[in-house]
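Accompanying notes for the structure given below.
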Protein chains: 2
Amino acid sequence: MPAKPATIKEIAKMLNVSASTVSRALHKHPSIGLSTQLKVQKLAKELNYEPNQTAIFFQKGKTYTIGVILPELSEAFFSAAVSAIEDTAYKRNYTVLLAQSHDDAEKEKQLVEKMKNHRVDGLLVSVAKTTANFEHFNMLKRYNIPVVFFDRIPPIKNIHYVACNMETGSIEAVNYLLQKGHRSIGMINGPPTLAASGERKEGYIKAMTKNRLKFDPSLIVSCNLTEQDTKAALETLLANKRSPTAIVTFNDYVALYAIKHARQLNINLDKDLQFVSYANLPLINYMDYIPVASVEQFPYLQGQKAADILMDLLVSKSQSADEVQAYYKVIVASQLVENRKK
Amino acid sequence: MPAKPATIKEIAKMLNVSASTVSRALHKHPSIGLSTQLKVQKLAKELNYEPNQTAIFFQKGKTYTIGVILPELSEAFFSAAVSAIEDTAYKRNYTVLLAQSHDDAEKEKQLVEKMKNHRVDGLLVSVAKTTANFEHFNMLKRYNIPVVFFDRIPPIKNIHYVACNMETGSIEAVNYLLQKGHRSIGMINGPPTLAASGERKEGYIKAMTKNRLKFDPSLIVSCNLTEQDTKAALETLLANKRSPTAIVTFNDYVALYAIKHARQLNINLDKDLQFVSYANLPLINYMDYIPVASVEQFPYLQGQKAADILMDLLVSKSQSADEVQAYYKVIVASQLVENRKK
DNA sequence: ATGATGAGCGCAACCGTTTGCGTATTTTAA
DNA sequence: TTAAAATACGCAAACGGTTGCGCTCATCAT
C-alpha cells in the first residue's frame, strides 16, 4: 500500500548499502557479492520495487519509445498498420506513441516537434496529403532520430521507407483478366495528381503491351473517388465503342460504387462485366456483389516491416558510428487475391 | 546543425547567468528583468532550444501522457475510439501511449505494469474478454493513477467508466419496427455469456411488454456470431410458427450474414423481412442490401468522453486532495439511426 | 542618513538511476 | 612474508530542468 513506489535509494538505506550497490545488484552486476545480491533482490521484491522509467529514460537519453504519425487512425489501412507496429514494438520491448495528422501539414510538423522533444528513439511516418515542405523530417536527422516512412512516402532523397508497389499488382490484375479471356479491359483510376494513380496506370499499360495488346487510352478514365464521379466514369466506359467486359477500379470504394450502379443498370455482373479492385476494405467478405479479385496491399505486413526496419536502425545506431551506410527501401509487392465466391 | 539539442545550462554559460535564471526567463517569471528575459529568449530561439521533455517528466513526476489499452486496434470500433482519444488528448496537450491486449488477460496485466512504470498520468482501458482478475487495476489506485474504462467495463465497484447502453437502443429498435407495423419481431442475439447479449434481450422484452405485446421467447435465438450459426439461427426463426417479419440482429456482421442467406432463400427484403442491427461497420454505406436501421454506439463519442473524464480527473488530482469524491459513470445512449435508402 | 522595500538574480538541492573510478579488504602467487 | 591481484563495495558526478531560499544592490520613504 505504498502511495509512492519504492526507490533504489530507499532500498539502499534500509540495507545500509549504497545506491550504486543496489542498482548493480538488481542488474546482477558481477562485482556485487552473491549474498548482497540476494539481500537486495529479496527486499526489492518485498517492496514491490519497479524502476522509475522516466528517470531511466532521462538518464540514458533513450526512451524505448517509437512515435507513429499518420493521417487517420480510423482508416482501416492505417489501423491495421498501427496494430502491426504496436505488436512488433511490443515484442522488442518498445512502446508506441501515437498521433494523427488528419492530413494537416502544419499539425504534422508540430507532431514531429513534439515527438522529438519527447525523445522518441525513432519515428514511423505516413505523411499527410497536404505536406509540401519536408524540412521537419530532415531536422530529425540532425538529432539522430531515425525515421521510416510507410505507405505515404515523401518525394525526397535519402530516406528509409516501406511502401507497396501498385504497379506489380496492376500487372497481375490485368493479366488475371486477360487469362479469363477479357480483351477489352477498362480502368476507373483515381485523380492524376496522386502518385498511386500513376502506378496503377503504368501497370495496366505494361501488362497490356507485354501481352502484345495495343493500349487504348480511352479505356482509362479518372474519377475523384466520389460516388457521383464513379458513376459517370462507369458510364463513360460503357459508352466506349470497345465496350469493356472487365474494369479495374482504383479502390474498393470505387468498385462498390461502380458495382452498385452497374446493377441498377441491370448489367449481369457474372457474365457481362467483371471488376477487379485494390483492397482496402476488410468487409468485402460480407458483401453480395464484390470484385472477382482484389490487389492486396498488406497493411499489417507493411506496418510490421516498417517497425522492424526502424528497430534495426535503432540497434545499429547505438552500435556503430552514426553515419548512415544505406537506406532501406522495402517494396511490399502488392498481390492479386481472388475473392472467394459465395 | 547541432548533434545534440541545446540545453538550459549551455545557454546559461553563454550568457554568463545561472541556469535558474534561464529557466525562469523562458517561463517569463516576473522576478527576471525584462532585458535578461529578452536576451535569453533570443539566444534560445537562435540555438533552437527545446526543453528536454524526459528531464521535465522526470523532474515533475508527470508525463502529460495517457495510456490506452484495448483489445484490438484494427477493429473499427476501437480505431474510431482511439482516434477520438488522440484528438482529445492532443487538444489538451497530452500524448497517447498505445497498446493492445489482443484479448489476453495476462498481456493486459503486463501492459498495465508497463504503463505504470512509464509513469503515464492516467489510463484508458477497454478490458480484454478473458480478464477475470482485476487486481492490476486496483493496484493503479494505490499509485494514484486514475483509470477510465470504456466500452468493455470490468464488473468491479468504484470505477470510472463510459459505456453504451444497449438496452435503450434495443428498445428503440423494437419500437421502430412496431411503428412500421411489424408484430412478429425476431432477434438473432449473441451468446448468452456476453453481457451485451443480455442488454439487447432486456431491451427487446421491455419494448414488447411496454407496447402490451406478449413476449415470445422462441422469437429470440442465440448464435455464436459465425456465418454458419447465423444461417441456422435465421432458419430457426423463419421456421417459427409466428414467422417474424422483422429481425433484430446482434451486430452488423450477423445482419449481413443473415441478409445474404435470406436473399439466397429468395426472400424479398423490402416486403417480407426487414432487418435492424447494431452498427459497428462504417461500410454499410457501400452495400446493396443493408438493415433498414442500425443502433449507433458512437465510438468516437465514447472515446472522446472517456478522454475528457480522464483529464478532468488529472486536473482535479493535482488540485485537491486525492480522495475520490465520486465516480464518473457516463452512459452514452445508443441511438437508432435509419439507414439511408439508395 | 538610515532602514525598509523590492527588484533581479544565483546557489544548491532535488527528482531516480547509472557508472567510472577509487579504495578497503581479502585472496593468491611468488 | 610481502607484493600483486582479485573481490566487493562506496563516492560522486552526471543527465536537464525546476524552485525555495537567500543574497546583493538600487530605490524609496522617513
Side-chain angles (χ1 to χ4, degrees), chain A residues 2-41 43-44 47-65 116-121 143-144 318, chain B residues 2-41 43-44 47-65 116-121 143-144 318:
Chain A
K4 290 289 159 206
T7 70
I8 281 194
K9 291 185 182 178
E10 290 168 12
I11 296 181
K13 205 155 291 176
M14 296 177 71
L15 293 177
N16 273 323
V17 294
S18 74
S20 35
T21 299
V22 175
S23 173
R24 284 189 254 252
L26 292 173
H27 288 84
K28 305 191 198 299
H29 192 283
S31 81
I32 300 297
L34 189 58
S35 66
T36 314
Q37 285 206 19
L38 295 179
K39 257 191 347 191
V40 169
Q41 286 163 15
L43 183 58
L47 294 183
N48 236 301
Y49 170 79
E50 292 286 345
N52 183 336
Q53 294 292 359
T54 66
I56 296 175
F57 292 165
F58 169 52
Q59 206 276 135
K60 299 218 164 189
K62 213 173 169 282
T63 57
Y64 294 94
T65 300
K116 188 200 74 185
N117 296 340
H118 263 261
R119 297 297 192 270
V120 295
D121 291 352
Y143 289 110
N144 214 17
S318 53
Chain B
K4 290 290 161 206
T7 71
I8 279 194
K9 292 184 181 178
E10 289 168 13
I11 295 180
K13 205 154 291 176
M14 297 177 71
L15 292 177
N16 274 320
V17 295
S18 73
S20 36
T21 298
V22 174
S23 173
R24 283 189 255 252
L26 292 173
H27 288 83
K28 304 190 199 299
H29 191 284
S31 82
I32 300 297
L34 189 59
S35 65
T36 313
Q37 285 207 19
L38 295 179
K39 257 191 347 194
V40 170
Q41 286 163 14
L43 183 58
L47 295 183
N48 237 301
Y49 169 79
E50 292 286 343
N52 182 336
Q53 295 292 358
T54 66
I56 296 176
F57 293 164
F58 169 50
Q59 207 275 133
K60 301 216 162 188
K62 213 174 170 275
T63 58
Y64 294 94
T65 299
K116 187 200 75 184
N117 296 340
H118 262 263
R119 299 296 195 270
V120 295
D121 291 352
Y143 289 109
N144 213 19
S318 54

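Every chain is numbered from 1, with letters handed out A, B, ... down the list of sequences.
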Whole Å only: how far is the CZ atom of A:Arg119 from the C1' atom of D:dG16? 9 Å
Do B:His27 side-chain atoms and B:His29 backbone N/O form a donor-acceptor pair below 3.5 Å? no
Taking any heavy-atom pair under 4.0 Å as a contact, classify A:Ser31: base, sugar-phosphate, or nothing. base
Do A:Met14 and A:Leu43 have side chains that approach each other closer than 4.5 Å (heavy atoms only, starting at C-beta)? yes
Closest contact, heavy atoms only, A:Tyr49 versus A:Ala6: CD1-O, 3.3 Å
Could you tell me the separation between the CG atom of B:Leu26 and the C1' atom of D:dT18, rounded to a whole number of Å? 12 Å
Roughly how many Å is it from CG in A:Leu15 to C1' in D:dA8, rounded to a whole number? 15 Å
So for the helix from C:dA1-D:dT30 to C:dA30-D:dT1, with five pairs setting each end axis, what is the inter-axis angle to 10°? 50°
Using a cut-off of 4.0 Å on non-hydrogen atoms, how would the nucleic acid contact of B:Gly33 be classed: base, sugar-phosphate, or nothing? sugar-phosphate
So CG of A:Asn117 and CZ of B:Phe57: to nearest 0.5 Å the spacing works out to 9.0 Å
If I take atom OG from residue B:Ser20 and atom CD1 from residue B:Ile32, how far apart are they, to the nearest 0.5 angstrom? 7.5 Å
Give B:Thr36 one of three labels, base, sugar-phosphate or nothing, depending on what nucleic acid heavy atoms sit under 4.0 Å from its own. sugar-phosphate
Pick the nucleotide of DNA chain C nearest each of A:Asn52 and B:Leu34; which residue has the one closer to the 5' end? B:Leu34
Under 3.5 Å, is there a donor-acceptor pair between the side chain of A:Gln53 and the main chain of B:Arg119? no
Output the distance between atom CD (A:Gln59) and atom OG1 (A:Thr54), rounded to the nearest 0.5 Å. 12.0 Å
Students often get this wrong, so: under 4.0 angstrom with heavy atoms, is B:Tyr49 touching a base, only sugar-phosphate, or nothing? sugar-phosphate
Interatomic spacing from CD1 in A:Ile11 to NZ in A:Lys39 - rounded to 0.5 Å: 12.5 Å
DNA chain C nearest-nucleotide lookup for B:Ala55 and B:Pro30: closer to the 5′ end is B:Pro30
Mind running side-chain contact (heavy atoms from CB on, under 4.5 Å) on A:Tyr64 and A:Ile56 for me, showing each step along the way? CA-CA 10 Å; A:Tyr64 294 94; A:Ile56 296 175; 5.7 Å; no
Point-to-point distance, once rounded to the nearest 0.5 Å, from OG1 of A:Thr7 to CD of A:Glu50: 13.0 Å
Note: chain A reaches DNA chain C at heavy-atom distances under 4.0 Å over the stretch, first to last nt, 5' to 3', of C:dG16 to C:dG20
Counting only non-hydrogen atoms, which of residues 18-25 of chain B are less than 4.0 Å from DNA chain C? B:Ser18, B:Ser20, B:Thr21, B:Arg24
Report yes if the side chains of A:Leu15 and A:Val40 come closer than 4.5 Å at any heavy-atom pair, otherwise no. yes
In whole angstroms, how far is the P atom of D:dA13 from the NZ atom of B:Lys9? 12 Å
Rounded to the nearest Å, what distance is computed from the OH atom of residue B:Tyr64 to the C1' atom of nucleotide D:dT18? 12 Å
Nearest 0.5 Å, what's the OG1-NE2 distance between B:Thr63 and A:His118? 7.5 Å
NE2 of B:His27 versus P of D:dG16: gap in Å, rounded? 16 Å
Protein-nucleotide distance (A:Gln59, atom CD; D:dA13, atom C1'), rounded to Å: 11 Å
Integer-rounded Å distance: D:dA8 P and A:Lys28 NZ: 16 Å
